[in-house]
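Shown next, in structure tokens, is the structure this report addresses.
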Amino acid sequence: MTVSEPPRPRAEALAGLGLADHAAALAQGTISSVAAVRAALDRIEAAQPSLNAFRIVRREKALSEAADADRQLAAGTRLPLLGVPIAVKDDTDIAGEPTAFGCGGSFAPKTTDAESVRRLRAAGAVIVGKTNTCELGQWPFTSAAAFGHTRNPWAADRTPGGSSGGSAAAVTAGLVPAALGSDGAGSIRIPASWTNLVGIKPQRGRISTWPHAEAFYGLTVNGPLARTVADAALLLDVAAGPHSGDLHTPTPISATDAVGRDPGKLRIALSLRTPFTATRTALDPEVAAAVRRIGDTLRMLGHTVTVADLHYGLLIGASFLPRSLAGIRAVHRNMPCAEVDPRTLANARFGTLLDGPALLAARKAEPFLHKRIGSFFRDYDLVLAPTTATPPPRAEDIDGIGVHATNNLITAACPYTWPWNVLGWPSVNVPAGFTDAGLPVGAQLMGTASTEPLLISVATQLESELHWERERPNPWWESR
């Protein structure tokens with residue numbers, strides 16, 4: 001009697017598999033890593049002319065790494081992501097590849113993996129490429145002269161958000177099951193909200209930013225984008241951990257253990273209030289309604305949800321700008337060959353003015369902000385707020401406008417996320433449904449220091465009721 005091999009799924013079916021599903025299928029032998037990685041690469045190649053999610057595709061290297069993963073699987077090795085194809089954002093170093101960070105120009109290949117990439121490789125992941133990001137991660141659009149526009153899988157004329165828009169587009173379109181992004185003012189949460197994904201901005205230092213001891217003076221963290229909370233938690237756990245040179249090393253947590261855990265009956269503040277900005281902002285009624293529906297679902301789940309506006313104050317904005325603009329100046333200074341937009345040069349010049357007493361004062365203000373905003377959490381366990389003020393704008397809206405108009409555009413669309421970067425605390429975007437025009441919007445769950453497990457538990461409850469992972473865009477990029 002012969003034993004037949006388990007049926008292997010067709011290549012197109014692999015696009016529907018999540019991160020954990022990929023890992024399980026590989027461990028069970030129902031797919032090979034070479035097949036999974038080749039299918040991902042083929043999807044990327046087919047989508048690239050229209051979706052434009054990737055800056056670098058590592059076809060030959062990734063297939064070689066996949067063949068090695070298959071040998072390890074055949075030998076009985078089991079690792080969390082052994083043989084699974086994933087992507088990282090093009091602000092993250094991969095040995096042998098340049099890191100352009102959205103800029104034009106010629107860049108030497110990096111000689112060492114970033115710590116997050118090292119950890120992904122140690123878990124067995126096969127990194128198929130680096131995803132597009134805007135210049136130095138400045139804007140909630142993913143476009144630049146160097147590569148054009150990355151498109152939103154839900155609507156070809158819309159941006160997927162930024163600056164981790166390439167990662168979000170790649171996951172939403174099923175090119176890869178999950179991807180890493182980075183978030184310095186909402187750059188994971190914003191594209192997650194505009195592409196119907198779960199995006200986790202972890203506690204500062206949860207995922208190392210090495211070779212940088214900290215990124216953008218503590219504003220920027222790395223984090224996962226995935227269709228489900230469980231997949232995002234898995235990627236977070238795999239990538240998390242310190243490098244000896246890191247400035248921030250929070251106490252370890254297990255994100256995966258929080259998936260499905262009962263968080264108890266929580267006191268949740270529903271806050272639609274916009275943090276102060278110098279630009280006039282207005283919350284789109286459809287976004288507001290979507291966030292309120294998330295609040296209704298949380299009430300149905302047994303939580304107490306109270307409309308209670310969080311007052312951010314003026315100091316938090318004064319703390320953000322020096323760190324952000326001085327960060328742009330520092331990164332730009334370290335990329336002398338970069339070809340950039342005039343708006344990037346202007347921001348770098350502003351950063352030079354703020355890189356001094358203003359930056360020092362901004363850093364010194366953080367403990368006070370922790371205390372003042374933390375006092376709000378004496379009465380509430382977490383905050384529910386919009387992730388963005390509007391649905392995704394048109395991709396070309398950012399083209400051909402000056403610094404002032406750009407600031408007005410991005411602030412009006414995305415005024416909600418940046419305060420949590422100043423605080424360094426975790427926040428999770430959850431999909432909140434769609435507008436009448438079929439555009440995704442999101443809501444963010446916001447907690448205090450190292451509350452990722454609580455936020456993940458609540459996000460899992462919402463997912464079990466709303467099943468956003470079942471919603472998939474029409475694959476227009478396959479027919480162009």
Side-chain angles (χ1 to χ4, degrees), residues 9-19 21-22 31 33-63 66 84-90 92 94 97 100 102 125-134 141-144 146-181 188 191-192 194-197 199 224-227 231 235 392 394-396 438-440 469 471-480:
R10 293 170 60 86
E12 59 267 23
L14 298 177
L17 290 182
L19 190 69
D21 290 337
H22 260 88
I31 59 173
S33 180
V34 167
V37 169
R38 181 177 286 115
L41 291 165
D42 289 347
R43 293 193 299 271
I44 292 166
E45 181 179 349
Q48 189 62 14
S50 50
L51 198 63
N52 193 20
F54 281 80
R55 185 69 183 268
I56 292 172
V57 180
R58 305 177 67 246
R59 176 173 280 274
E60 291 185 7
K61 294 175 183 177
L63 286 172
V84 179
I86 66 165
V88 301
K89 182 177 175 180
D90 192 30
T92 304
I94 300 176
E97 308 294 348
V126 177
I127 301 172
V128 295
K130 303 182 74 175
T131 57
N132 275 325
T133 177
C134 60
F141 288 71
T142 298
S143 59
F147 61 84
H149 295 281
T150 298
R151 302 288 174 175
N152 193 317
W154 292 95
D157 65 331
R158 304 286 169 155
T159 179
S163 61
S164 305
S167 288
V171 176
T172 303
L175 309 185
V176 289
L180 275 188
I188 288 170
W194 284 345
T195 59
N196 196 56
L197 295 178
L225 290 136
R227 289 194 187 111
D231 281 352
L235 187 54
R394 296 182 186 280
E396 282 80 9
L439 299 174
E469 78 282 3
E471 300 289 341
R472 304 293 174 93
N474 179 42
W476 53 265
W477 56 90
E478 293 181 357
S479 58
R480 292 196 172 195

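Considering only heavy atoms from C-beta on, Ser50 stays 4.5 Å or farther from Arg151 through its side chain. When side chains are defined from C-beta on, Phe141 does not count as touching Cys134, because their heavy atoms never get closer than 4.5 Å. In this structure, Arg38 and Leu63 have side chains that are in contact, with non-hydrogen atoms separated by less than 4.5 Å. Residues Arg227 and Thr195 fail the side-chain proximity criterion, which asks for heavy atoms closer than 4.5 Å. Asp231 has its side chain out of reach of Pro177: every pair of non-hydrogen atoms, C-beta onward, lies at least 4.5 Å apart. Side-chain contact between Ile86 and Leu19 is present, with at least one heavy-atom pair separated by less than 4.5 Å. Taking 4.5 Å as the limit, some side-chain heavy atom of Ser33 sits within range of a side-chain heavy atom of Val126. Looking only at side-chain heavy atoms (C-beta outward), Pro85 and Val37 come within less than 4.5 Å of each other.
Just one of Thr142, Asp90, Ile56 meets the side-chain contact (heavy atoms from CB on, under 4.5 Å) condition when paired with Asn132; it is Thr142.
Contacts of Arg394 classified as side chain to side chain contact (heavy atoms under 4.5 Å, CB included), with partners at least two apart in sequence or in another chain: Asp157, Arg158, Asp397. Taking Glu97 as the reference, Arg58, Lys61 meet the salt bridge (Lys or Arg N to Asp or Glu O under 4.0 Å) condition, with sequence neighbours excluded. Residues satisfying the side chain to side chain contact (heavy atoms under 4.5 Å, CB included) criterion with Ala173, sequence neighbours excluded, are Leu51, Pro153, Leu175, Trp477.
Residue Thr133 holds its OG1 atom at 7.0 Å from CZ of Phe147, rounded to the nearest 0.5 Å.
Closest non-hydrogen pair, Ile94 versus Lys130, comes out as CD1-CG, 3.6 Å. Pairing each heavy atom of Leu439 with each of Ala155, the nearest pair is CD2-CB, 3.8 Å. Nearest heavy-atom pair across Ala168 and Leu197 is O-CD1, 3.6 Å.
Under 3.5 Å, the side chains of Ser164 and Lys89 contain a donor-acceptor pair of N or O atoms.
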